[in-house]
Structures are given as C-alpha cells and as structure tokens.
Protein chains: 2
Amino acid sequence: MKEQDLCCEEACVHPEHIEAAKSHMPDEDSLFSLAELFKVFSDSTRIRIMCALADEELCVCDIADLLGVSQSAISHQLRLLRASHLVRTRREGKSVFYSLDDHHVHSILREGLDHIGHTSKGREENENV
Amino acid sequence: MKEQDLCCEEACVHPEHIEAAKSHMPDEDSLFSLAELFKVFSDSTRIRIMCALADEELCVCDIADLLGVSQSAISHQLRLLRASHLVRTRREGKSVFYSLDDHHVHSILREGLDHIGHTSKGREENENV
DNA sequence: TCAACATATGAACATATACTCATATGTTTC
DNA sequence: GAAACATATGAGTATATGTTCATATGTTGA
C-alpha cells in the first residue's frame, strides 16, 4: 500500500503536537509566496546585485561592469528582482537606474549574514552534506 | 567582439559609483554562503517544515504526516536543513526529533512574511512577470 | 538474533533555472 | 527618419534540484 506513505501508522505520531503546529502555520498562499521570495535571494548574482544597490542606485551597465556579468544576464535577473518588488527603476535618458525598493532587503540580508557568521565560527564539523 | 560584453563602453558607466558599491560588498565567500542559505529557504516544503517546528520539536513522521509529504522526501529536506544549521536533532528511541537550531530562522521568516504582506497590499499591478 | 519499526540515503527522473545568443524595444542625437 | 546606444526579452542549453523508489542503517522488544 502507499497512501501517504503510512510511516509510523500508529504509535509514533503525536497528534496533539501536530494539531498545535498546524494551528500556527501560515496559510498555503503565504508559504508559497515566502518560498518564491527567498528563491529570489537564492542566487549569488542576485544577491550581489542587491548588495551593490545597498547604498545607491546604479544603471544596468554599472551593475554588469561591477559584477563582471553580461548585460543580458543582469537584465534577466533585474526582471525577477523587480517582479518581487525588491528593486525599482528610474529612467534617465537611455539609462535605467535601479535601486532597492524595500527596507526588508536590508533586514533579510543582514539576518542571513548574521546566521552564516554564527555558523562559520566553530561548527565546521558537519560540512559533509 | 565579446570581452565582458562591452556594454556602454564609455559614457554610461559611473566609475565612482561602481567603486563606492565595490567597497561595501561582502566578500565572495559570504555572498556565496548567503545564496546557499537562502536556497534552503526557497522551497515551500522546507519552509513548511521550519514553520511546523516554530514552537516545538516534532519527529520525522509527525512532520511527514502534518505536511502530507512522504517520509523520504521529508528526510531528504531535513538533511539540507541540518547541514545549514537551521534544525538540530535529538534521538529518542526509534524516533528522531527535530527542532529549530537558530533564532535567525524566526527572524528571516518574519522579515519575509512582512515583505510579502506589504507587496500584496496594493500593488497587484505588476504581477505580469 | 530476529522481526518490526523509524529514519537515512543513493539512483533515477522530471522540472526549474541561470546563462548565452540573437534580436527587439526604447531613447537620444544628428 | 536614421544611426548609435542602453536595456529588455525570447529561445535554446546545460546544470541544479525535489521527488519517488528501493534499500540501508539504527533502535527496540521478543
């Protein structure tokens, strides 16, 4: 049989814990949106773009030059960032300037850096993924 | 020609802005680790696992049951979470209990939820990715 | 030691995604 | 309007990744 895998069909599950956990779970839509948001943060090119924009706006070719990535690749990534409301644009003549669109970008990056700072300190033991 | 794409080879680039941005960029290793960390947050199954563990530890089959995902899939995902130091384990007999390993999990999820809360409010106009 | 159970893991497969290339769109200057 | 330039985008491709399936590992009780 194979309905829901039926692992630990009796004793092991803790129904009261499951109910408690269920009660404070965000709704499905939020969970999906959350994953989508962090997906945007999950590529180092996009992270580098956001870091580059941390202090001031830059045009597309500035970013491409700064990161050593092709204009096309940058443009594709900027599109994703914009779709997630993480950057905004301002046109000035032929150039388009991008800047961060949300204070959460800073907070999220900071929390992330904080985490990797902590984990890299004294816990190199289980790097064997 | 094709060396570095040579977009805006002269006038457009703003060298002083590029230098400024360069100066406050995290080092390459951190940027890579950051992306790796957020990659873990970029899947809704893993997000759901972390939310489920927000208040209390759960054993593997609890999580599988709660999320309606196979034991194997959960186990694979837990491995990633553990490798990123986001969850920790405690064995009790045949069961293995997982719990959050880091206060950053809460902060990161909260910032993320905050962001999607803001963007979903009145800006449905550019959902056309 | 063996059966039963909970969890972990390797291989395989289907899908997602980041880049390149070619080209389109939009802007300025002549 | 045409040329030059900055940016955007569609198609194609190589790689990454999440799940399933089969099976291994580890624990308990007989």
Side-chain angles (χ1 to χ4, degrees), chain A residues 1-14 32 35-36 38-49 57-65 67-84 87 89-98 126 128-129, chain B residues 1-14 32 35-36 38-49 57-65 67-84 87 89-98 126 128-129:
Chain A
M1 90 186 52
K2 160 84 210 359
E3 46 211 38
Q4 205 56 264
D5 219 349
L6 275 203
C7 97
C8 26
E9 52 268 15
E10 32 186 291
C12 168
V13 281
H14 307 77
F32 196 78
E36 287 299 303
F38 288 121
K39 205 166 287 178
V40 181
F41 283 81
S42 75
D43 175 75
S44 68
T45 298
R46 288 191 293 268
I47 296 246
R48 291 200 295 156
I49 292 175
E57 64 177 12
L58 293 172
C59 71
V60 177
C61 65
D62 282 346
I63 302 172
D65 185 289
L67 304 189
V69 177
S70 77
Q71 177 269 321
S72 176
I74 292 291
S75 201
H76 277 293
Q77 301 300 3
L78 285 170
R79 180 182 201 178
L80 293 183
L81 289 167
R82 202 174 24 176
S84 303
V87 302
T89 67
R90 173 179 75 82
R91 174 141 232 156
E92 184 177 309
K94 282 177 289 191
S95 299
V96 175
F97 288 86
Y98 281 79
N126 24 352
N128 47 341
V129 188
Chain B
M1 95 186 48
K2 159 87 212 352
E3 47 210 34
Q4 203 55 266
D5 220 349
L6 276 202
C7 97
C8 27
E9 51 268 18
E10 32 185 294
C12 168
V13 282
H14 306 78
F32 196 79
E36 287 298 305
F38 288 121
K39 203 166 289 179
V40 181
F41 283 82
S42 74
D43 175 76
S44 69
T45 299
R46 288 190 294 267
I47 297 246
R48 292 201 293 158
I49 292 176
E57 64 178 12
L58 293 172
C59 71
V60 176
C61 65
D62 282 345
I63 302 173
D65 185 287
L67 304 188
V69 177
S70 76
Q71 177 270 319
S72 177
I74 291 292
S75 200
H76 277 293
Q77 300 300 5
L78 285 169
R79 180 182 200 179
L80 292 183
L81 289 166
R82 202 174 25 178
S84 304
V87 302
T89 66
R90 175 178 75 81
R91 175 141 232 156
E92 184 177 311
K94 282 178 285 192
S95 299
V96 175
F97 288 87
Y98 281 79
N126 25 351
N128 47 341
V129 189

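Numbers restart at 1 for each chain; the letters A, B, ... are given by sequence-line order, proteins then strands.
Taking B:Lys39 as the reference, B:Glu36 meet the side chain to side chain donor-acceptor pair (under 3.5 Å) condition, with sequence neighbours excluded.
Counting non-hydrogen atoms under 4.0 angstrom, A:Ser95 reaches the backbone sugars and phosphates but no base. Using a 4.0 Å heavy-atom distance criterion, B:Phe97 is classed as making no nucleic acid contact.
Side-chain nitrogen and oxygen atoms of B:Arg79 include at least one within less than 4.0 Å of the OP1 or OP2 phosphate oxygen of C:dG10.
In the set C:dA8, D:dT28, D:dT7, D:dT7 carries the atom at the smallest distance from any side-chain atom of A:Cys59. The side chain of B:Val60 lies closest to C:dA8 when the candidates are C:dA8, D:dT9, D:dT27.
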Could you write out each protein N or O paired with an N or O of nucleotides 14-19 of chain C at a distance under 3.5 Å?
{"unit_1": "C:dA18", "atom_1": "OP1", "unit_2": "A:Arg46", "atom_2": "NH2", "d": "3.4"}
{"unit_1": "C:dA18", "atom_1": "OP2", "unit_2": "A:Arg46", "atom_2": "NH1", "d": "2.8"}
{"unit_1": "C:dA18", "atom_1": "OP2", "unit_2": "A:Arg46", "atom_2": "NH2", "d": "3.4"}
{"unit_1": "C:dC19", "atom_1": "OP1", "unit_2": "A:Thr45", "atom_2": "OG1", "d": "2.8"}
{"unit_1": "C:dC19", "atom_1": "OP2", "unit_2": "A:Gln77", "atom_2": "NE2", "d": "2.6"}

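The minimum heavy-atom distance between A:Arg48 and A:Val69, with the atom names listed, is NH2-CG2, 3.7 Å. What you find for B:Asp43 and A:Ala35 is that their closest heavy atoms are C-CB, 3.9 Å. Closest approach of A:Thr45 to A:Leu67, counting heavy atoms only: O-CD1, 4.1 Å. Residues B:Tyr98 and B:Thr89 come closest through the heavy atom pair CE2-CG2, 3.1 Å.
The aromatic rings of A:Phe38 and B:Phe38 sit parallel, their planes meeting at an angle under 30°, below the 60° perpendicular limit.
One can place NZ of B:Lys94 at 15 Å from P of C:dA3, the figure rounded to the nearest angstrom. The interatomic distance linking A:Gln71 (CD) with C:dA22 (C1') rounds to 12 Å, in whole Å. Rounding to whole angstrom units, CD of residue B:Glu92 and C1' of D:dT27 are separated by 12 Å. If you take CZ of B:Arg82 and C1' of C:dT9, they are 11 Å apart, rounded to a whole angstrom. Protein atom CZ of B:Phe41 is 18 Å distant from nucleotide atom C1' of D:dG18, rounded to whole Å. When rounded to the nearest whole Å, the span between CD1 of B:Ile49 and P of C:dA8 equals 11 Å. Atom CD in B:Glu57 sits about 12 Å away from atom P in C:dT7, given to the nearest Å.
In this structure, the helix from C:dT1-D:dA30 to C:dC30-D:dG1 shows an angle of 30° between the axis at its start and the axis at its end, each fitted on 5 base pairs and rounded to 10°.
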Steps toward side chain to side chain contact (heavy atoms under 4.5 Å, CB included) verdict (B:Gln77, B:Leu80)
CA-CA 5 Å; B:Gln77 300 300 5; B:Leu80 292 183; 3.6 Å; yes
Decide side chain to side chain contact (heavy atoms under 4.5 Å, CB included) for B:Arg79 and B:Ser75; before the verdict, give the C-alpha distance in whole Å, the side-chain angles of both, and the deciding distance to 0.1 Å.
CA-CA 6 Å; B:Arg79 180 182 200 179; B:Ser75 200; over 6 Å; no
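A donor-acceptor contact under 3.5 Å links the side chain of B:Ser72 to the base of C:dT9.
Counted within 6.0 Å of CZ on B:Phe97, heavy atoms from surrounding residues, nucleotides or ligands total more than 12; the atom is thus considered enclosed.
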